[in-house]
Amino acid sequence: MKSIRHDLVILGGGPGGYVAAIRAAQLGMNVACIDENSRFGGTCVRVGCIPSKALLESSHLYHEAKYRFADHGLQIGDLQLDLATMMRRKDQIVDTLTGGIDMLFKQRGVTPYCGRGELRDAESVEVTDADGVTTLVEGDKILLCPGSRPASLPMVEEDGDRIGNSTTALSFPEVPERLVVIGGGYIGLELGSVWNRLGSEVIVLEALDRVLAGIDSELAQLAHRTFKKQGIEFRTKTFVESAKRDGDKCVVAIKDGDPITCDRVLLATGRTPATGDIGLSSIGLETDRRGFISVDDDFQTGVKNVYAIGDCIGGMMLAHKAMEEGTVFVERLAGIASHMNYDVIPAIIYTHPEIASVGKTEDELKEAGIEYRKGVCPFGANGRARTLGEPDGRVKILADKKSDRVLGVHIIGARAGDLIAEAAAAIEFGASSEDIARTCHAHPTLSEAVHEAALAVDNRPIHTL
Ligand code: NAI
């Protein structure tokens, strides 16, 4: 077997791995990045964030053309949905972006290895490519970032076709007449929205008494109401016991309820770390019960010179969290005083309207007994939102009652995902709500709703009462 040595060997070419590889190369390291896929970018670029956002955009435009163009005086006659073209567009975006990573690796001098990687010892990974050829990739340091996979449920019989996960739901060959979504979380609502807009009857089954369990409960309630108005049916406190194929149909069994027959099932009940088959036992590294690897502040695992970042170490399973960890890990390795601030990781749900949060939720502040002031601006009071035809939603700013320091910002409304960046910067810099209120925001922009919410913290909003 051929063996090649590097300063740093990265196992996993998703957002955590490829960003760490590029940063390491920038810092002068001889770095290798291994991925079992022929295309780098991981779940995020290939079968996650990027293709889902492509479909969210296309389906949104379809929905706008069908129901809202007329408000603008635009009559377009007989609107046709060409699903195959929509899917091709999505695939082309993925191709362009994965090709972009290949190009960046080349320009920066990162050595890519495409093949299944398995740890042999604490300084080598055996890579087996698609033709079965193996290479021993050795490194002074090894960074594990294998990411995560969709979690399965024991009684849900996934066949990768009619009963499948988020990857399956990104490529349905036709619009299902009735789609049952198991799980009212990020994936359930994003992909549920796509197929609802394209014409499916979508039923979301959620075990808990609310959807979007992790986010600010006031926003989650608003979101629930909005998606219901859009035609998605929600059944909360509904625990799915099994799902089975029955010919071309599927039958979903529910605890204490009637079974539901549908055309397709999307299982979206969370993700699980992909740590089971990367050879951890060969270096004596154990995971916790759920498969997560524990690390210290330098991302060092229990084994010297072996490190881990991203979904496999737990915390928020978000691409940008993994990217940040990859950067911080490599910079610390190079002696740069870099650190992670887990208190400022924005989270966005790309439904329509979008939902975006950063910092503490109101529920968390109440629970911790922290006194706060709250400022709210409804988008209905924002001129730009009106011109966009997007008056629904609000910006909510939570600031410490004594110091006025911004503790949390929660937005539901058009382009909330872009607006949250200002809030993240404010919290990162330790800004007060007064700092945001004293910052001139361009008119007419949606960002003025953030400004107005900051004014409202001090009870002096201009455009709302
Ligand atoms: P999730 O954890 O957000 O939601 C899963 C839901 O399924 C929970 O509310 C849970 O109560 C429910 N559930 C579990 N078992 C059930 C059962 N038997 N019957 C009915 N309901 C049941 O997980 P999701 O949506 O699969 O997303 C996975 C990960 O991917 C998340 O950690 C998320 O952060 C990430 N993601 C992020 C996106 C973004 O940043 N926009 C988009 C998509 C995914």
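Counting starts at 1 for both ligands and their atoms, following the listed order. None of the values given here were measured: they were computed from a predicted structure.
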Here's a test for you: under side-chain hydrogen bond (donor to acceptor under 3.5 Å, both in side chains), which of Thr327, Asp298, Asp297 qualifies with Arg332?
Asp298
For [Y], does its backbone N or O pair with a side-chain atom of [X] as donor and acceptor, under 3.5 Å?
X	Y	value
Asp216	Glu362	yes
His441	Thr439	yes
Ser52	Ile50	no
Thr351	Glu354	no

Using a strict 4.0 Å cut-off to heavy atoms of [X], name the atoms of ligand 1 that fall inside it.
X	result
Gly185	3 (O), 4 (O), 25 (O)
Leu318	34 (O), 37 (C), 40 (O)
Ile348	39 (C), 40 (O), 41 (N)

Which residue and heavy atom of the protein sit nearest [atom], plus the separation:
atom	value
atom 2 (O) of ligand 1	Gly270 CA, 4.1 Å
atom 16 (C) of ligand 1	Thr269 CG2, 3.6 Å
atom 7 (O) of ligand 1	Gly183 CA, 3.2 Å
atom 28 (C) of ligand 1	Arg271 CG, 3.5 Å
atom 37 (C) of ligand 1	Tyr186 CD2, 3.3 Å
atom 5 (C) of ligand 1	Ala268 O, 3.4 Å
atom 34 (O) of ligand 1	Met317 O, 3.5 Å
atom 6 (C) of ligand 1	Glu206 OE1, 3.5 Å

[X]-ligand 1 polar pair, N/O distance under 3.5 Å:
X	answer
Ile187	yes
Val240	yes
Ile182	no
Tyr350	no

Sub-4.0 Å heavy-atom approach of Thr238 to ligand 1
yes
Thr238/Lys255 under side-chain hydrogen bond (donor to acceptor under 3.5 Å, both in side chains): CA gap, chis, key distance, verdict
CA-CA 7 Å; Thr238 301; Lys255 190 166 181 247; over 6 Å; no
Pick one: which of Asp102, Asp95, Val45 meets side-chain contact (heavy atoms from CB on, under 4.5 Å) with Arg39?
Asp95
Does atom 31 (C) of ligand 1 have a protein non-hydrogen atom under 4.0 Å from it?
no
Going through the checks in order, is the side-chain hydrogen bond (donor to acceptor under 3.5 Å, both in side chains) test met by Glu325 and Tyr342?
CA-CA 10 Å; Glu325 287 176 340; Tyr342 287 105; 2.6 Å; yes
Contact partition for [X] relative to ligand 1, non-hydrogen atoms under 4.0 Å:
X	result
Met316	neither
Leu153	side chain
Ala213	neither

Charged N to carboxylate O under 4.0 angstrom, Glu331 versus Arg23?
yes
With a 4.0 Å cut-off on N to O distance, would you call Glu390 and Arg384 a salt bridge?
no
A cation-pi test, strictly: NZ or CZ of Arg264 under 6.0 Å from the centre of the six-membered ring of Phe172 and no more than 45 degrees from its axis. Yes or no?
yes
Could you report the tightest heavy-atom contact between Arg271 and Ser148, atom names first, then the distance?
NH2-O, 2.6 Å
